[in-house]
Amino acid sequence: MLTLLYFLAMKQRITAFLALRFESFRPAPFPLRLLLFLSSLAWVWCPLGIPIVLGVTDPNWKSIFALGWLYSLFIILARRWGRRFHGQGQILQRYGLVWTRKTLQELGLGWLLGSVLVLLLFGVQGGLGWTQWQGPSAGFGRIVVEGLAVGLGIGFAEELFFRGWFLDELERDYGLRGGLGLSSLVFAIVHFLKPWSEIIRTSPQFPGLFLLGWVLVLAKRSCQGRLGINMGIHGGLVWGYYMVVVGNLTQSLAVVPPWITGIDQNPLAGIMGLFGLGNLIVLFAQKRRHQG
């Protein structure tokens with residue numbers, strides 16, 4: 001009986017969610033739009049999302065179910081938001097989510113760039129004697145496939161939100177430069193929503209996250225606003241990291257401080273990673289400049 005009542009309440013909430021009249025809030029500045037959008041998303045996610053978080057014990061499946069439900073609702077809400085608030089019926093295309101051959105080519109190129117950057121950084125550390133490479137374990141093939149799935153999921157979800165909806169809303173109020181700086185800053189801040197002790201310990205990661213956000217905005221703009229290359233770079237970075245770190249392919253020799261090689265074996269969270277991301281910024285900035 002309680003289960004039936006719960007699902008009836010869920011159905012009622014989703015029905016109310018789909019009937020939201022965002023147009024009644026027009027015009028509204030960005031902070032109010034952000035609050036309205038996120039609170040609407042949280043309102044409809046909680047009835048099923050909270051039981052998932054509390055009831056699923058396996059952390060991997062908990063993340064898959066909770067985030068899968070969240071991003072399914074996000075896509076539904078974004079489409080309704082575009083129609084009702086901005087009067088645009090194809091808002092996902094405006095965000096850059098277009099499935100064409102060109103997009104898939106850019107996805108592959110971005111994946112190559114992201115994964116090669118990670119492997120190159122680890123390779124340089126090994127060549128300098130800062131880390132020691134180890135042979136793959138018996139289950140390494142499973143880790144490669146898992147990393148591929150995780151990279152695709154994170155690349156799609158985070159790019160559609162941060163370089164899709166969020167960047168679009170920022171640019172409407174603050175222009176291209178404001179959108180670039182603010183979206184990169186918020187992208188880095190969001191990844192630091194953790195206990196204070198962890199924030200202090202991992203603080204050297206912040207510049208790398210900020211530069212990564214910068215890279216991903218420039219990459220999108222260099223491809224006429226398509227999200228394929230962003231998703232590829234982001235996913236490739238995750239995949240490369242997953243294979244090396246989760247697959248235990250390297251072991252730090254503690255020859256140099258972590259702020260050089262990267263906090264928590266994250267090569268983008270050190271001086272070497274900042275140098276690599278800086279090169280990508282120059283690359284995409286020059287490509288954008290050549291496009292006029």
Side-chain angles (χ1 to χ4, degrees), residues 59-60 106-155 158-159 184 187-188 191-192 194 198-216 218-219 229-287:
N60 292 327
E106 291 164 352
L107 175 66
L109 174 61
W111 195 277
L112 182 64
L113 283 173
S115 56
V116 166
L117 176 60
V118 171
L119 296 176
L120 181 62
L121 289 171
F122 277 115
V124 170
Q125 293 179 27
L128 293 174
W130 297 345
T131 61
Q132 180 178 356
W133 284 91
Q134 304 174 140
S137 61
F140 184 69
R142 176 181 57 83
I143 289 175
V144 171
V145 175
E146 283 181 359
L148 181 65
V150 171
L152 285 171
I154 292 178
E158 291 200 11
E159 291 310 303
S184 302
F187 177 71
H191 284 79
F192 269 77
K194 56 183 73 172
E198 279 295 294
I199 293 177
I200 296 175
R201 186 182 69 82
T202 61
S203 57
Q205 293 182 353
F206 191 89
L209 287 166
F210 179 80
L211 286 185
L212 177 58
W214 198 285
V215 166
L216 293 169
L218 293 181
I229 196 163
N230 305 53
M231 294 178 177
I233 293 173
H234 203 150
L237 290 170
V238 172
W239 186 52
Y241 175 85
Y242 200 94
M243 286 192 297
V244 175
V245 177
V246 180
N248 291 316
L249 293 183
T250 65
Q251 181 180 4
S252 176
L253 299 178
V255 177
V256 293
W259 58 266
I260 295 178
T261 57
I263 303 295
D264 291 338
Q265 291 186 275
N266 181 356
L268 299 183
I271 294 296
M272 295 179 62
L274 296 181
F275 179 75
L277 290 172
N279 283 326
L280 288 182
I281 288 177
V282 173
L283 173 67
F284 289 120
Q286 288 181 341
K287 183 181 178 184

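- Not a single donor-acceptor pair under 3.5 Å links the side chain of Q251 to the backbone N or O of Q134.
- Here the shortest heavy-atom pairing between P267 and V118 reads CG-CG1, 4.2 Å.
- Applying the ring pair (Phe, Tyr, Trp, His ring centres under 6.0 Å) definition to pairs two or more places apart or across chains, those involving residues 108-133 are W111-W239.
- A heavy-atom distance below 4.5 Å is found between the side chains of Q205 and D264.
- No more than 12 heavy atoms of other residues, nucleotides or ligands lie within 6.0 Å of CZ in F275, so this atom counts as exposed by the packing criterion.
- Distance check, rounded to the nearest 0.5 Å: CZ of F140 to CG of N248 gives 10.0 Å.
- Note that CG of N279 and CG of L274 are 11.5 Å apart. Values are rounded to the nearest 0.5 Å.
- Heavy-atom minimum distance, W214 versus S184: N-OG, 3.1 Å.
- Under the side-chain hydrogen bond (donor to acceptor under 3.5 Å, both in side chains) criterion, E159 pairs with R163, N230, H234, sequence neighbours left out.
- Taken from CD1 in I260 to CG in L128, the straight-line distance is 10.5 Å, to the nearest 0.5 Å.
- Two residues are said to be in side-chain contact when any heavy atoms from C-beta on lie closer than 4.5 Å; I229 and I233 meet this criterion.
- Remark: L117 CG to L113 CG distance equals 8.5 Å, nearest 0.5 Å.
- For the pair L121/L268, a side-chain contact is recorded, criterion being any heavy-atom separation below 4.5 Å from C-beta on.
- Under the 4.5 Å side-chain criterion, counting only non-hydrogen atoms from C-beta, Y242 is not in contact with I154.
- Here Q265 pairs with nothing under the side-chain hydrogen bond (donor to acceptor under 3.5 Å, both in side chains) rule; sequence neighbours left out.
- In this structure, the side chains of L237 and L212 come closer than 4.5 Å at one or more pairs of heavy atoms.
- No donor-acceptor pair closer than 3.5 Å links the side chain of S115 to the backbone N or O of G240.
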